[in-house]
Each structure stands twice: as structure tokens, then as C-alpha cells.
Amino acid sequence: MMGVSVDSAKSDAVPLWCRKVSKWHGNFLGLNDLSLELRPGITALLGSNGSGKSTLMNLISGQLFPDSGSIHVFGIDPWTWQGKQLVGYSPDLDYFYPSWSIKDFLARMACLAGIESKRVPSLLNEILSVVGLLSVQTTLLRRCSLGMRQRAKIAHAILMDPPLLILDEPFRGIDPVGRRDLVQLLLQFQTLGKTILVSSHELEEIEKLTDQVVMLRSGRVVSAGPVSRARDRLLNKPVEIALEIQANEKIRLLAQSVLSNSEVLGVRLLEGEKHVLMVLTRKPELVFSHLVMISIENNFLIRRLEVVDEAPAEVMESLFEG
Amino acid sequence: MEFLKSFIQGVKSQLAVHLFRARVGHGLFWVSVGFLMLVAGVVVSVNLKNQWNYKTLKPRGQVGLNFKNSIEMIEAGSLVLGHNAGVSAVCSAVASAGSGLLVQSGFPVFTKNVVFSVLLGFLLPLWCLTFAVEGLGAEREGKTLFWLFSKPVPRSSIYIGKFLAVLPWVLIWSLGGFFVLAVCAGDCGLFAFKLFWQPIALASVTYASVFFFMGACFPRASLIALAYAFVVETLLGSMPGSLKQLSVAFYARCIMFQKSAELGVVLEQGGGYGDFSETMAICFMMGIALLFLVAGIFFFGKIELRGQR
Amino acid sequence: MSVPSLNSFLEYRPWRGLRNPVWMGAFAITRESLKLIFTRKVFWVVFSLAVLNFLLYFFGQYLFFWVADQQPDGLVRVGGFGRANQNDMLQFLRSVLKMDGSPETFRNFINLQSRGIIVLLVLAGASLLGEDLNQGSLIFYQSKSGGMSNYIGGKFLAASFLVHLFATIPALFLFLEICFIDTWTYLLYHPRLLLGIIGYGFVINLGLVSLLFATVGFFRSTIGLIMCWAGVFFLLPSLCAIMIDRLKLNPAFRVLDFWYCVERLGEKCLGASPTLHPSQTDHSLNPWLAAASLSFVFMVSSILTIRIYFKKGVES
């Protein structure tokens, strides 16, 4: 399906072919000698903020020009006007013509893209119903919610029916129902034989979409392959639970009882806070049920129970380091 | 061939989308309207006082007497010298010819004071700037260039198409403004309009090209364009010496100078406006316009949309 | 024994300090706005030009009195160029440069300095006032007990401070300098001059700051501000010059020229005689008309300002 191949020759049939691409943003190296090849189907692009996801997508869609290396979309340079025909791009920017309605916006974009004016109304109807904006098509863009604008961008990306779709953070700001619909839509496109590159921080949606993941870190591809590997790593990462009890003299007893559970990897006391116990485990849900039992047995008064969650970016970071 | 087809298609679609959608409600637009109304008000008030002529002006080197006084003196002289029929006849002939000239002298006075200085040196650059910088500058500032760049048409067609979409607004506004001023000034104004609308239109196109280039290629283009308009067009353009040849207004003035010289009116002595023939001035202006158009296409084609977020 | 828990630190304690009156908040806004202006490069460029001009006048005065103190009808050494006649030099300083401590000295000085203020306010005025409107940060001021009146007051004070920093304060320094170089009888003979300097300062203050408030509120951007002020300070004077100097219309048309009116009023405050070109007769405007023009601008600006800032919910 997909993979990083350096030696593969460029061919007209390959949807996306990047070779030794570097891009500087002033003094900051956005992409570092990146090589990548995509095959038809959905591929997810993961990476923490600033890892070069948007830069890569901008390069593939021909909005940026690589400082070195070359990119080919079906054998054509996406920077040229012929290349633009082949790429549908939904960028992670939120700037529109505020005084236009959604329908006007799409109609004018269709006109600019060179679609015959006779075809435009039927095409718009089709696309608007696909992205679920048909009922609100006359709303002005400045009055649209973030989700509506997000859908308008996706509608814009599929306007030309391009074989390669680049979607930068398409799930941002869309409600759960909308996300489900979008996932369905992208899966449909996949069955039509399109190549889709999606970047997102929503691992749940990505999991539903595809098992092919490219991970970027500091402008380099760190891993490429099935998502299950990444997910396992994520699930295997132990979580810490903070327990605060009423009487701090019972804290040792609590620690002992908790440690009797085989799923608990370790406990520690917080410096200065004598009544808080930190519990390290891989399976918090098992520990919780055990905790209920031991508190009833030993009459612990638990005042606070909290899973100390790490920020998603940090989780992601540890994922890439691992 | 394919490029040409796509180019024409791009220009056509830009025109279709942007031609009748110039922003007219923004601050700069209202300042332009305000300037037009202000100058028109002044022209009307001068017209009401019937001052668009040489009546109250003094001949060069004369102290105390203005043109009207001199002619009245000559007329008085013809009465005093009534006993000599020949001298009296000459005197009254000179006097009536002179007063006829005074009535007709509105054209040079209006041209010198309004068209030559205020319109060309100040209003025209600002009016053209208002629309031309907005063309791609508004897309740049509003960060909406992406929507244009993601289309399968050559960049040059986007630039040319947008320019052509802006051009009618610039022309309507500058020629319309000139016409309003001309109507306010009465017959002499309309005569000046008929004579000078071509150089004004040419100057507007040149300004439009220059300012459109700035809007497309510089961040904070309005400030740069304003600085250019004030420093080069207004200040340098009115300086003595050959430094003013850097300004676009100079070449427009050259054409106007030649056109009125054909009618026997010398608009400004020693301004160096006679050095360039009409054709040469036209060529210079068109050259400037073309140069900036080509430079704009070149630089616009290289713009990368970085830091859009 | 009860264990002190985290909650006891979060319990509500009433404020026991002394509160400043609400209007004092205006000074905080003034202070912050001035800090903002002082970080701008354009301020320091204009300020250094203004300081240069001040030094020119400062040493000009000094030179004048020094030359006057030399032996009568003697020759004064001018650098390495030779010697100049003392009377010629006095005449030059007095009538051409007007650096003799007369009302005209102060008029010329303040007129020049106020050009600097105009440039400064045009380029930095948008960041002084317009940013709050543009970025929607006005809501923070509206939510304070002082409300918009404190905001307007504070910003007005800040802009006024800039005006006086450039015009009134250096002019007063010049006055003081002459008192020191000459004799203190100068102060006795020219009490009006002292009041006139302060008066002129306030005329400029009122005119420019109210105009700034209205134009920034309307245009909200530096571009609009520059265009509009170019109209007021460039187009209007040149139109008036065409109408009055070239076409010999009624000099009362000068009421249109706002800046001329301000300068005319200042001239009247100082008691200076108007400057005329060699061929000009005195066409100067009646000071009452000038005052009427200034108060018209002030009133229109105030109405605009109130409409912009006090209407319900300023949109960003």
C-alpha cells in the first residue's frame, strides 16, 4: 500500500512521490530531507505541533516550493498549474471572503477553477449535499460556525474531483455526528480509488479511517506503517492515578492494599502532600474496581481520585520517541 | 498552446468573479469621496464668484494693476483720446479684444490651478491607489490568496485577470472625478475635460499598474503606496529641475502641456514639460505601466503562501 | 488536631486596603499608552528631530545675546570664515531667523515643533488608539468600573502629554533660557508671552487630539489616518492657497484650512505679527473666525468620538 521508498523510480501512476525534500522557514528547517511515496487509499499523517505536517501538505498541494528535492503528483510538479488540477487541498487556515455565502463562494471557486458554468449548479447541489451544507448554503461565511467553514473547505477540495486529496486537520471543530459522516465520506472516496492524505490529532477518527500512518518528527519521517503498532504503544503507556484520602495516617495502609493488586506497577508519595498517593498502572479500570473493594474493607475516606493525564502533544511525543 | 488556452480561461474567470465586486465601503474609499467633494466644492465656489479667469490676476512684473484694471484703463484712454478717431479706434479694439480674452481665459486658469496641480499631483494618485492596491492587496491582507492559488490556471492569468477587473473601477473613478470637477467649473472645465481626458486616463492606467504591483508583491502595500504617492508624485513631481522626471505625473503633464501649446496656451514656463514630445511621453507612460505589469507577473509567480496560519 | 487543608487558603477574605478613586484609573491608561508610544521607533526619530530643532533655537538665542553683547559696531568672528559686521549679524538673527526672543520666535518654534507632532500622531496614532478598536480589546476597558470615560480620559491625557512634550515644554524652556541670559525684567515685560505659550500649547492640544480621536475612531487604521490627515494638512492649505493667493477670493475662505486656523489662534495668543511674503498684503483671518473653525472641528470630533466609543458594544 504505502511506504517510504527512496529508490523507487518516479512514475506517472504513483499518486505522490517526494524525494529528499527540504524546506526552510527562515532559520527553521521545516522539512528535512524527506522522502515519501503514497499509494491509493487513505493515509494518516501524524505528528506533534511544528513537526512539519502542514509544511509537507503545503508542498504537496503546490502552495510552497521545495528548497531542495522534488515532488511529483502523478508525475507532475504540483507547483505548476497543471499539477493543481490533480490535488484537492483543504488547508488548516480559516480565512474566507466574509461577505459571500457558502453557495456563492463555491460557485465562484468553481468558476475560477474553470468548470463550465452550465455544470456548476448541479455540481454544487451534489457537493453541498455530500458535505451536509445543502440546508445552510445561503449563510454568509462570516456567520458560519467553525464546523460549517470546515465543511466548506472540504467541499472546495473535492470541487474539481481530484485524484489526490490533502486534508489538513479536517476534524477540527466538527461535532461527533459530523465526524462520523466525514469518516464515511472519506471511506467512500477510498472505494472510488482516490488517494487521501489526512492529518489530525484525533487518533480515534484516524483509527476508523485507516491503518496506514506516516509519523513526522522535526521534519523527518520517523515511522510509516500500520496504526496498530502506534496504538499499542499508546495503550501500553502506564497512567498515574492520584488518590487523596481524609486521614493521612492511613496512607501507608492504603499503599499496601493497593499494591496487592497485580495490575499496579508502583506507588509513590508526593513530596509535601502527605495525604496524596500516586498509583502507577497500565489498566486503570481494573484498579478502580479493586479500589472500591479495599476502601469498603478498610474504611478509607477517599476525597479525590484523578487520572493524571498528560497533554496529547506529550503523549504523541513519547510515542515518537519510543 | 495549452498554456494559452488555460491563461485565457483564467483571465476570463477572474474577470467573471471579481469585475463587479470591488470593495467600495472601506475607509480609503470614503476619504477619496471626501477629497472629490472638497475640491468640487472649492471649484464651485470659485465658479460662483466667476473667478475662473485672469480678471483679478496681475500680469507678470506689474505691480498694483490686474488685467481687468489695465483693460479698463485702455478703455478709458479711448474715451479721453476721443478727438483722435484713429487712436481711439485702436484703443477700443485692443480693449474689446482683451476683455474677450479675459472671458475665455478660464481654461488656462482652471487647468493650471486644478488639473495641473491638485488633480494630477494629489488626487489622481490617491484615487488610483484606493482601488488598485486593494486588488490583490486585500487578498494578501485577508489571507485569501490561497483560494486563487489553488486553481489550475497560471499565476500570470490570475494577476492579469485581477488587474483587468480593477482597471475599470480606476478609470471610472478618475475620469468620473475629473468630469465632476470639470462640470463644477463650467464651460472652461468641460473644454479642459475634452482636451485632457486621454492623458488623465493614461496616467490612471499607469498608476493602476504601479499600485497594483505594490499591492500584489509587498506586505503592508497601502503604506508603501501612500509613501510613493506623497514622496514621488506629490513632492518630487512638483520640484523644479529634472528630478520630477521620475514621477508618472510629469509625463501626463508633458502631454497636457503639448496639447494646450497647440492652442497657444503656455501652462507653465520653464517646467521642462516641452522637452518630451507627446508621443515620447505616451511611450514613457505605457512603458512604465508595462514594466510594472511584467515585474508584477514575475514576482507574483514566486509568492509562497507560508505562515498562513 | 485539625489538619489545615488547601481549602482554608481559598476562603474569601474581604479586601482591607484603601481603594483609589475610580477616576485614577485614567492615569494608569495614560501611563500604559505612553509606554506603548515610547517603544515605537517613529517616536524616537521624530523626537530627535524635535530636539535638534530645540537646540537650534536654544543656541540661536544664545548667539543673539552674545553678538549683542560685543563691542558696538565691531566685527564678530564667524568660525574660520572671517569676520562679520555685528550689526549685519544682529539684523540677520532678528529679522530673518527671528531668534530675538520676540513673540515671533516662539510662534516659529512652536509651529515647527507641531509639524513633528502631526507626523508622530499620524504614524503612531493608530497604535495609540486604533489597535484597541481593531483588536477588540476595548471590552476590557468597558468592563472596568471607570468604563469608557476613563479610557477616553486616559488616552486624551496621553496624546496631550505628547503634544506638550513637543511644543509647550520646550517653548517654556526657551523662555526660561532667555530670562537667564537676558535679565529677569524680560519676564516682567513679557508676561503675556508666557501665557501665550501655554495658550498656544492648549490650542494645538485641543485641535489635534480631538481630530485624532475622531479620525482614528472612524478609520481605525494608519492608512486611513494618513489619507485623512493628508487632506486636512496638505490638500486644504493648497486649495486655500489657490483660492486666496492666486484667484484672489475672499481671505475668509481660510476658515476651511483647519491648521491655518490653529496657527492663527496661536499667533493671536502670543501677540505675534503675521508673516508675509514680500508681495503679500495682510490677508490674515479674523481670529474669531479661526476660533469658530477650531471649535467646529472640536465639536464634530467630540460628537463622532462619543458616537464611536459610547455606542452599545464596539464591534471589533
Side-chain angles (χ1 to χ4, degrees), chain A residues 23-26 28 30 49-50 54-55 57-59 61-67 76 78-100 104-117 120 141 152-153 156-157 159-160 162 166 168-169, chain B residues 1-26 134-162 164-165 297-309:
Chain A
K23 182 70 192 173
W24 290 87
H25 294 299
F28 172 72
N49 298 330
S54 290
T55 307
M57 292 186 144
N58 273 322
L59 279 165
S61 58
Q63 300 302 327
L64 291 178
F65 192 78
D67 287 327
I76 295 176
W79 176 258
T80 60
W81 60 272
Q82 293 99 329
K84 299 270 180 3
Q85 230 154 359
L86 305 168
V87 189
Y89 179 36
S90 156
D92 189 22
L93 63 85
D94 203 21
Y95 300 100
F96 289 89
Y97 301 94
S99 55
W100 295 4
D104 286 347
F105 169 70
L106 288 174
R108 281 164 200 169
M109 287 303 126
C111 172
L112 288 182
I115 295 170
E116 292 163 57
S117 48
V120 170
L141 279 165
K153 280 197 301 201
H156 172 260
L159 207 55
M160 296 277 292
I166 311 283
D168 199 354
E169 304 267 355
Chain B
M1 200 58 221
E2 202 185 337
F3 175 83
L4 204 66
K5 227 170 103 185
S6 154
F7 179 85
I8 292 168
Q9 195 271 320
V11 172
K12 257 172 31 191
S13 63
Q14 287 292 335
L15 280 176
V17 170
H18 292 291
L19 184 55
F20 296 109
R21 281 188 199 89
R23 285 203 306 144
V24 288
H26 53 285
E134 281 287 305
L136 279 167
E139 306 260 1
R140 241 190 123 94
E141 303 272 303
K143 302 189 175 176
T144 50
L145 270 181
F146 166 77
W147 305 115
L148 302 182
F149 282 179
S150 58
K151 301 295 173 289
V153 288
R155 289 270 180 101
S156 49
S157 76
I158 300 176
Y159 189 87
I160 297 285
K162 263 280 200 184
L164 291 181
I297 288 172
F298 180 75
F299 286 114
F300 191 66
K302 298 219 173 295
I303 289 179
E304 289 180 276
L305 292 183
R306 67 177 72 216
Q308 275 276 2
R309 282 203 289 149

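Here is the naming used below: chain letters follow the sequence lines, and residue numbers restart at 1 for every chain. Atom set for the values below is all heavy atoms of this structure, side chains included, hydrogens, waters and symmetry mates excluded. Computed from a prediction, not measured in an experiment: that's the story for all the values here.
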Non-hydrogen atoms of A:Q85 and A:P162 that approach each other most closely: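 Distance-wise, the nearest heavy atoms are O-CB, 4.0 Å.
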A:W100 and A:F105 aromatic ring geometry - parallel, tilted or perpendicular at 30°/60° bounds: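 Ring orientation, 0 to 90° scale: tilted.
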Verdict with supporting geometry, B:Y159 and B:F298, ring pair (Phe, Tyr, Trp, His ring centres under 6.0 Å): CA-CA 10 Å; B:Y159 189 87; B:F298 180 75; over 10 Å; no
Least distance between heavy atoms, A:Y97 atom then A:L141 atom: O-CD1, 3.6 Å
Region of B:I158 that comes under 4.5 Å of a non-hydrogen atom in chain A: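 Neither part.
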Heavy-atom contact with chain A under 4.5 Å, split by part of B:E2: both
Region of B:Q9 in contact with chain A, defined by heavy-atom distances below 4.5 Å: side chain
Choice from B:P152, B:G10, B:S157, B:P154 maximising heavy atom contacts with chain A below 4.5 Å: B:P152
